[in-house]
Amino acid sequence: MQAWHSGKHYKGHNFGGRVLYGYDRKDKRFVINEEQAVNVRRIFKSYLSGCTIQSIADKLNADGYRTNYGNEFKRYTVSDILHNDKYTGIHYIDGIEEPETCPAIISQTTFERVKEKLNQSAHRSREHATGHTYALSGLLQCGVCGRYVCGSSVERKYFYYACRSREHAENSVHIHADKLEQVVIDALQTFFTEEQVSTLAERLYQIYTTDMDGKPDRSKRLNEIEKQIQGTVNALIACPSSKALQEKLTQLEEQKAEIEKMPILQPQLKKEHFENYFHWLALRLEHIEDRQTFFHTVIHKVLVYPEKAVIILNMTDEMADPPKREQVEAFMSNVGEVSL
């Protein structure tokens, strides 16, 4: 199975190129191949359950399944499927979110969970092999062919981000790791003005407060239940033979016991705490671990071209119709000569 290949496509229409596993082409549109879609879901589910990529390929072959081209599943075949966001029904073309490029076979949540697991695995493998941390690992996608861009090294001395596709060798993405990371840092530092930091902090604060509002206030509920218990006790003093009051008192005491088991919520954060956090991270971008944390906090994806990078952020432009993610363009020439 090959990743997405060249060919004109727009919102489910396709006028050329090969067909992604899990789909058929009908009337110039991609439609779900139900039999193959079962295997696509199986691949994602198996990986999340702890199966290795190779074991998933072996199991598919043992069960008699083959790729679109009649070949056995290989490790890279399954890996391409796990990395391909088109299975969610949303894909980025030239930095623009294109819904329904292919009908969704898996949920966005499932894809993000798999992506996180793949990132962790790849990060551990590369660090173990080279001792180098690729701060943008898991965030890069080739803007030319759509494949993921991975970290690589030469003699464990020279570190790059490179697209492994051989189909566009003359226009391949192969960039020094430190230079690409510096391009991204410079672009983010330019983009995150005081106003942008305040806006992002406000959005995160709203998410945080919404989440906190949904959690019951332990102390308030405890005070309310104690008042009800005291009122019921006073009523029982006046009418000690009432079975209804006795049952009510028992129920209230059980409710109190359940409330007392609830965790005590920590003091709520304020908006300035979120602002201070981003300022602190921005000041520590020279430290590789903090740089990696910052990248994975604010970046959704980076589309890498030989001459530029399109940084798609975890922020939504609500003024656009329909709303779309904020993005920043950064040109490689901004940091001097770049190896291509």
- Message: Quick one, Tyr161 with Val173, criterion side chain to side chain contact (heavy atoms under 4.5 Å, CB included). Give me CA distance, side-chain angles, the key distance, then yes/no.
- Response: CA-CA 8 Å; Tyr161 289 110; Val173 171; over 6 Å; no
Are [X] and [Y] packed together at the side-chain level, in the sense that at least one heavy-atom pair is separated by less than 4.5 angstrom?
X      : Y      : value
Leu249 : Leu236 : yes
Thr110 : Ser107 : yes
Leu139 : Lys301 : no
Arg147 : Gln141 : no
Leu313 : His300 : no
Leu118 : Tyr47  : yes
Glu72  : Tyr65  : no
Leu180 : Leu140 : yes

Quick one: [atom1] on [X] to [atom2] on [Y], what's the gap to the nearest 0.5 Å?
X      : Y      : atom1 : atom2 : answer
Thr190 : Ile185 : OG1   : CD1   : 11.5 Å
Lys26  : Arg29  : NZ    : CZ    : 11.5 Å
Leu20  : Gln36  : CG    : CD    : 9.0 Å
His83  : Ile53  : NE2   : CD1   : 7.0 Å
Thr232 : Ile229 : OG1   : CD1   : 7.5 Å
Lys74  : Ser79  : NZ    : OG    : 15.0 Å

- Cation-pi between Lys308 and Tyr305: NZ/CZ under 6.0 Å from ring centre and within 45° of the ring axis?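 Yes - Lys308 lies over the ring of Tyr305, closer than 6.0 Å to its centre and within 45° of its axis.
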Between [X] (side chain only) and [Y] (backbone N and O only), is there a donor and an acceptor less than 3.5 Å apart?
X      : Y      : result
Asn234 : Gln230 : yes
His174 : Pro306 : no
Asn61  : Phe73  : yes
Asn33  : Glu35  : yes
Glu181 : Ala135 : yes
Glu226 : Lys256 : no

- Determine, stepwise, if the pair Asp85 / Gln108 fulfils side chain to side chain donor-acceptor pair (under 3.5 Å). CA-CA 8 Å; Asp85 64 352; Gln108 185 69 38; over 6 Å; no
- Item | Asp63 and Arg42 ion-paired at < 4.0 Å |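 Yes, this pair counts.
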- Item | Non-hydrogen atoms of Ala187 and Ile311 that approach each other most closely |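 Heavy atoms of Ala187 and Ile311 come nearest at CB-CD1, 3.6 Å.
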- Query: What are the two closest heavy atoms between Val154 and Tyr160, and how far apart are they?
  - Reply: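 Between these two residues, the closest heavy atoms are CG2-CE1, 3.9 Å.
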What about [X] and [Y], same hydrophobic cluster or not, with Ile/Leu/Val/Met/Phe/Trp/Tyr joined at side-chain heavy-atom distances under 4.5 Å?
X      : Y     : answer
Ile43  : Val38 : no
Ile105 : Leu48 : yes
Val31  : Tyr23 : no

- Item | Partner of Tyr21 under side chain to side chain donor-acceptor pair (under 3.5 Å), chosen from Asn39, Asn68, Thr77 |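 Only one of Asn39, Asn68, Thr77 forms a side chain to side chain donor-acceptor pair (under 3.5 Å) with Tyr21, namely Asn39.
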- Task: Describe, in one word, how the ring planes of Phe111 and Phe44 are oriented to each other, choosing from parallel (under 30°), tilted (30 to 60°) and perpendicular (over 60°).
- Result: tilted
- Task: In sequence, state the C-alpha distance, the side-chain angles, and the governing distance for Met332 and Val304, and then conclude on side chain to side chain contact (heavy atoms under 4.5 Å, CB included).
- Result: CA-CA 10 Å; Met332 302 302 177; Val304 187; 4.1 Å; yes
- Query: Counting heavy atoms not belonging to Arg66, are there more than 12 under 6.0 Å from its CZ?
  - Reply: yes
- List the steps and the verdict of side chain to side chain contact (heavy atoms under 4.5 Å, CB included) for Asp24 and Ile32. CA-CA 6 Å; Asp24 292 322; Ile32 294 176; over 6 Å; no
- Distance only, no hydrogens: is a donor on one side chain within 3.5 Å (strictly under) of an acceptor on the other, for Gln182 and Asp186?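 Checked: Gln182/Asp186 side chains pair up, N/O donor to acceptor below 3.5 Å.
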- For Ser46, check side-chain hydrogen bond (donor to acceptor under 3.5 Å, both in side chains) against everything at least two apart and list the hits.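 If we apply the side-chain hydrogen bond (donor to acceptor under 3.5 Å, both in side chains) test to Ser46, skipping adjacent residues, there are no hits.
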- Query: Less than 6.0 Å separating the ring centroids of Tyr134 and Phe295?
  - Reply: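 Not close enough - the centres of the two rings lie 6.0 Å or further apart.
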- Task: I would like to know whether Ile312 and Leu303 meet side chain to side chain contact (heavy atoms under 4.5 Å, CB included); could you show each step before the answer?
- Result: CA-CA 8 Å; Ile312 302 169; Leu303 296 174; 4.1 Å; yes
